[in-house]
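Remarks on the structure that follows.
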Amino acid sequence: MFGIPGKQAVTMTPKAAEQILRLMTSGGHAGLRIGVKKGGCAGMEYTMDYVDEADPNDEVVEQDGARVMIAPMAQMFLFGTEIDYEVSLLESGFKFRNPNVVDACGCGESIKFDETLSAQR
């Protein structure tokens with residue numbers, strides 16, 4: 001929908017692809033749908049949900065057997081994002097390196113996008 005021919009909307013690091021594939025396989029799901037929603041102290045939050053079937057309007061990205069679907073209204077916000085999976089002593093989880101984010105809250109759970117990007121919606 002908002003893509004550039006020959007360029008994936010998002011990329012996954014090998015660790016992220018491995019974890020997504022593990023989640024898909026263990027639950028028998030077709031993939032994970034990623035998106036954004038209003039919320040958090042900075043205004044927006046990422047969402048991740050199990051998907052058993054892709055929506056025809058989803059942008060589907062496959063890498064090393066892992067599959068993510070990008071919800072239509074989130075595509076312009078997520079274009080160019082790298083998804084990683086990090087493990088530390090205190091926590092583990094997916095991290096989004098998104099060039100479209102202009103601000104984030106201190107805990108890293110909430111993000112803000114450029115007002116012009118939000119206006120295009």
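Below, each value reflects all heavy atoms present in this structure, side chains not excepted, and no hydrogens, waters or symmetry copies.
Within the 4.5 Å cutoff, the side chain of His29 has no heavy atoms near those of the Leu23 side chain. Here the side chains of Asp84 and Phe94 are not in contact, with every heavy-atom distance at 4.5 Å or above.
Screening Lys95, Glu91, Gln19, Lys15 for a side chain to side chain contact (heavy atoms under 4.5 Å, CB included) involving Glu86 leaves a single residue, Lys95.
Cluster partners of Leu89: none. The rule joins Ile, Leu, Val, Met, Phe, Trp and Tyr whenever side-chain heavy atoms lie under 4.5 Å apart, and it links nothing here. Grouped by direct or indirect side-chain proximity (heavy atoms under 4.5 Å, Ile/Leu/Val/Met/Phe/Trp/Tyr only), Leu21 sits alone. The other residues sharing a hydrophobic cluster with Val60 are Val51, Met69, where clustering joins ILVMFWY side chains under 4.5 Å apart.
Between Ala17 and Ala66 the shortest heavy-atom distance is O-CB, 3.3 Å. Nearest approach of Gly80 to Pro99, heavy atoms of both residues: O-CD, 3.4 Å. The nearest pair of heavy atoms linking Ile20 to Met12 is CD1-SD, 3.6 Å. Across Val36 and Phe77, no two heavy atoms sit closer than the pair CG2-CD1, 3.8 Å.
The salt bridge (Lys or Arg N to Asp or Glu O under 4.0 Å) analysis of residues 47-57, with sequence neighbours excluded, yields no pairs. Residues in residues 64-73 take part in these salt bridge (Lys or Arg N to Asp or Glu O under 4.0 Å) pairs, two or more places apart or across chains: Glu62-Arg67. For residues 21-36, the salt bridge (Lys or Arg N to Asp or Glu O under 4.0 Å) pairs, not counting sequence neighbours, are Glu18-Arg22, Arg33-Asp58.
Every residue two or more places apart in sequence or in another chain was checked for a side chain to side chain donor-acceptor pair (under 3.5 Å) with Thr25, and none qualifies. With sequence neighbours excluded, the residues satisfying side-chain contact (heavy atoms from CB on, under 4.5 Å) with Ser92 are Tyr85, Val87. Applying the side-chain contact (heavy atoms from CB on, under 4.5 Å) test to Thr11 and every residue at least two apart in sequence or in another chain returns Gln8, Gln63, Glu82. Applying the side-chain contact (heavy atoms from CB on, under 4.5 Å) rule to Val10 yields the partners Ile34, Val61, Val68, Ile70, Leu78, Thr81, Ile83; only residues at least two apart in sequence or on another chain are considered.
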